[in-house]
Asker: 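Sharing a structure with you now.
Letters go in sequence order (proteins before strands), and every chain restarts at 1.
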Amino acid sequence: MSSFSKKLLSWYDENHRKLPWRATKSPYNIWLSEIILQQTRVEQGLPYYRKFITTFPTVNDLANADEDKVLKLWQGLGYYSRARNLHFTAKQIVNDYNGEFPNTKKNLLKLKGVGDYTASAIASFCFEEPTPVIDGNVFRFICRLLGITLPIDVPETKNEVHDFLIRHIINGNASKFNQAIMEFGALQCTPKKPKCESCVFMQDCKAYNKNLIEIIPAKSKKVKVKHRYFNYFFISVNCTMVIRKRTENDIWKNLYEFPLIESSKSADLSTIQKQFKKNFDVNEKIAISFLTTYQHQLTHQKIHGSFWLVHTKSQIEIKNTILVAANELNNYAFSRLITRFIEDFENNDLQLQIV
DNA sequence: CAAGCGTGGAC
DNA sequence: TGTCCAAGCTT
C-alpha cells in the first residue's frame with residue numbers, strides 16, 4: 001500500500017462520520033443513497049434517505065409505487081429528474097433484471113440516472129470493484145494535492161486525477177479507499193477554508209506549498225442567470241382548487257402547480273386580465289386581484305412568481321387542469337415556490353377566502 | 001459538448 | 001443581498 005493510501009485510511013478511521021448507507025452493502029440501499037446525494041449535501045439528503053428506505057424497503061416496493069408518490073416523497077430535494085429516473089430504474093430492475101442490480105461498473109452504467117461516478121460508487125462499495133470515484137470532493141482534493149490549475153471540467157484534468165487514483169486505489173478494499181477519499185474532501189479539504197493546518201498531506205500538497213489553495217479547483221464556466229416571470233392563478237371554489245401537472249421539458253417536470261401564464265417581464269393587472277381570458281379561453285368576465293410575489297433563485301435562472309386570486313363563484317374550465325379538494329393538496333408534489341405560497345397562505349388567515 | 005436541471009447553507 | 005456551490009446526469 002502506498003504511503004498516500006496509508007495516510008488516507010488512517011485519517012478515515014479516526015475522522016469519518018457514521019452514516020446509514022455505510023452500514024450496508026445492499027446495492028439497493030447504496031444506489032438510493034447515491035442518487036439522493038448527487039449534487040446534494042449529506043445533511044440535506046439524510047432525511048430523504050430515511051424516508052425512502054422506510055417507505056420503500058426494497059426495490060420491489062419502489063417499483064410498484066406511482067410516480068406521483070415517489071415525486072411527493074422527493075419534494076423539496078430538487079433535481080427532480082433524479083426521482084423520475086430512480087422510479088424508472090426500479091421498475092427496470094424488477095422487470096428486466098429479476099430484481100438484482102448489476103454487479104459491475106460497465107453494466108451499472110446502463111441504468112438511467114447512473115453515470116460514471118455513481119456506477120463506480122456502487123461497483124466499489126458493494127462489490128469491491130477497484131474503480132475510483134471522482135466526484136466534486138475528489139476533484140478538489142486531488143487537484144490541490146497535485147497542484148492542477150486547469151479547470152476541473154476539461155477532460156485532461158479528469159484523466160490526471162484518474163491516473164493518480166488508479167495508482168493508489170487498494171485492490172480488495174476499494175470501498176474503503178473510495179469512501180475515505182470523498183470523506184476527506186468533504187470534511188478536511190473543504191471548498192472554503194480547508195483545514196490545511198491540521199492536514200496529514202500538508203507536506204505533499206502542491207496547492208498549499210505554492211499558495212494556490214484559493215484558486216484550485218479552477219472552473220471555466222460562469223453562470224448566467226435567466227429571469228422568468230411566472231404568474232400563478234389561485235382559483236378556489238367550494239373548497240376545491242384548480243391545479244395542473246407540468247409535463248413539458250422544463251424546470252419542475254411532472255410536479256404540480258397552479259395554472260400559470262409566463263411573461264417576459266413583470267405584468268400588471270390589466271395585462272393579466274387580458275392574458276387570462278386569452279390563454280385559458282374563458283368567456284365570462286373574470287375578476288382578478290393581486291395576492292403576493294415570491295422570488296425563487298435557482299442555479300441558472302431566477303423565477304419571479306406572482307400570485308393572483310381569481311374571484312369566481314362557479315368553476316372555471318381550463319384545459320389540462322384538475323380539480324382537487326383543498327385538504328388533499330398534500331398528496332401532490334409541488335415546487336418549493338408553490339409550497340412557500342401555500343404555507344404562507346395557510347398561516348395568514350387568508351384561507352377564509354377558500355369558500 | 002455546453003446547457004439545463006433545485007434547493008438550502010455558508011459567507 | 002448576492003454569490004457560490006454540494007456524493008452528477010442527460011441530451
Asker: So, is Tyr49(A) close to the dA7(C) phosphate, meaning a side-chain N or O under 4.0 Å from OP1 or OP2?
Answerer: no
Asker: Output every pair passing ring-ring contact (aromatic ring centres under 6.0 Å, His included) with a member in residues 86-109 of chain A, not counting sequence neighbours, ordered by first then second residue.
Answerer: Trp31(A)-Phe101(A)
Asker: Where along residues 172-197 of chain A does a heavy atom come under 4.0 Å from DNA chain B, residue by residue in number order?
Answerer: none
Asker: How far apart are the C-alpha atoms of Arg140(A) and Asp135(A), what are their side-chain angles, what is the distance that settles it, and do they pass the salt bridge (Lys or Arg N to Asp or Glu O under 4.0 Å) test?
Answerer: CA-CA 9 Å; Arg140(A) 185 173 57 252; Asp135(A) 71 336; over 6 Å; no
Asker: Can you spot which of Phe201(A), Phe184(A), Trp11(A) makes a ring-ring contact (aromatic ring centres under 6.0 Å, His included) with Phe4(A)?
Answerer: Phe201(A)
Asker: For residues 30-40 of chain A, pull every pair meeting salt bridge (Lys or Arg N to Asp or Glu O under 4.0 Å), keeping only residues two or more places apart or in separate chains.
Answerer: none
Asker: Can you list, by residue number, the residues of residues 11-21 of chain A that have a non-hydrogen atom closer than 4.0 angstrom to DNA chain B?
Answerer: none
Asker: Specify the separation, in whole Å, of atom NZ of Lys219(A) and atom P of dA2(B).
Answerer: 17 Å
Asker: Calculate the interatomic distance between His227(A) atom NE2 and dG4(B) atom C1'; express it in whole Å.
Answerer: 17 Å
Asker: Could you check whether the rings of Tyr49(A) and Trp21(A) sit parallel, tilted or perpendicular, using 30° and 60° as the cut-offs?
Answerer: perpendicular
Asker: Is the count of non-hydrogen atoms from other residues, nucleotides or ligands lying under 6.0 Å from Asn98(A) atom CG greater than 12?
Answerer: no
Asker: Check DNA chain B against residues 106-133 of chain A and give the residues with a non-hydrogen atom under 4.0 Å, in numerical order.
Answerer: none
Asker: More than 12 heavy atoms of other residues, nucleotides or ligands under 6.0 Å from NZ of Lys25(A): is that the case?
Answerer: yes
Asker: Does a side-chain N or O from His296(A) land closer than 4.0 Å to OP1 or OP2 of dT7(B), or not?
Answerer: yes
Asker: Go through the structure and list residues passing ring-ring contact (aromatic ring centres under 6.0 Å, His included) with His227(A), not counting sequence neighbours.
Answerer: His304(A)
Asker: Rounded off to whole Å, could you give me the OH-to-C1' distance for the Tyr79(A) and dG8(B) pair?
Answerer: 13 Å
Asker: Rounding to the closest angstrom, what is the interatomic distance between dC5(B) and dA7(C) at atom P?
Answerer: 23 Å
Asker: Gln297(A) CD to dG9(B) C1': how many Å, rounded?
Answerer: 14 Å
Asker: Can you confirm whether more than 12 heavy atoms, excluding those of Glu262(A), are under 6.0 Å from its CD atom?
Answerer: yes
Asker: Rounded to the nearest Å, what distance is computed from the CD atom of residue Gln295(A) to the P atom of nucleotide dT1(C)?
Answerer: 10 Å
Asker: Can you tell whether the side chains of Lys253(A) and Glu248(A) come within less than 4.0 Å, N to carboxylate O?
Answerer: no
Asker: Mind jotting down which residue pairs meet the salt bridge (Lys or Arg N to Asp or Glu O under 4.0 Å) criterion with at least one end in residues 102-119 of chain A? Sequence neighbours excluded, please.
Answerer: Lys105(A)-Asp116(A), Asp116(A)-Lys158(A)
Asker: Considering residues at least two apart in sequence or located in another chain, which fulfil the side chain to side chain donor-acceptor pair (under 3.5 Å) criterion with Gln297(A)?
Answerer: none
Asker: Any side-chain N or O of Arg336(A) under 4.0 Å from OP1/OP2 of dG8(B)?
Answerer: yes
Asker: So, Arg22(A) and Gln179(A): side-chain donor and acceptor under 3.5 Å apart, yes or no?
Answerer: yes
Asker: When the P atoms of dC1(B) and dC9(C) are compared, how many Å lie between them, rounded to an integer?
Answerer: 16 Å
Asker: Got a sec? Which of residues 22-47 of chain A come in under 4.0 Å of DNA chain C, heavy atoms?
Answerer: Arg22(A), Glu34(A), Leu37(A), Gln38(A), Gln39(A), Arg41(A)
Asker: Hey, what else clusters with Ile318(A) if you join Ile, Leu, Val, Met, Phe, Trp, Tyr whenever side-chain heavy atoms sit under 4.5 Å?
Answerer: Phe233(A), Ile235(A), Val242(A), Ile261(A), Leu269(A), Ile272(A), Phe276(A), Phe280(A), Val282(A), Ile286(A), Ile288(A), Phe290(A), Trp308(A), Val310(A), Ile316(A), Leu323(A)
Asker: Classify the nucleic acid contact of Pro155(A) as base, sugar-phosphate or nothing, counting any heavy atom under 4.0 Å across all strands shown.
Answerer: sugar-phosphate
Asker: Under a 4.0 Å N-O cut-off, is there an ion pair linking Lys72(A) with Asp66(A)?
Answerer: no
Asker: Which class fits the ring pair Phe230(A) and Tyr232(A): parallel under 30°, tilted 30 to 60°, perpendicular over 60°?
Answerer: perpendicular
Asker: For DNA chain C, which residues of residues 135-143 of chain A approach it to below 4.0 angstrom with any heavy atom?
Answerer: Asp135(A), Gly136(A), Asn137(A), Arg140(A)
Asker: So, does Asn209(A) use its side chain to make a donor-acceptor pair with the main chain of Gln203(A) at under 3.5 Å?
Answerer: yes
Asker: Determine, for Lys193(A) against Glu214(A), whether the closest basic-nitrogen to carboxylate-oxygen distance falls under 4.0 angstrom.
Answerer: no
Asker: Distance check needed: dG6(B) P versus His300(A) NE2, whole Å only.
Answerer: 11 Å
Asker: For DNA chain B, find the residues of residues 249-265 of chain A with a heavy-atom distance under 4.0 Å and give them by number; none if there aren't any.
Answerer: Asp250(A), Ile251(A), Trp252(A)
Asker: For Gln301(A) and dT3(C), what is the distance between atoms CD and C1' respectively, to the nearest whole Å?
Answerer: 17 Å
Asker: Calculate the interatomic distance between Gln75(A) atom CD and dG8(B) atom C1'; express it in whole Å.
Answerer: 15 Å
Asker: Does the gap between the ring centers of Phe258(A) and Phe341(A) come in under 6.0 Å?
Answerer: yes
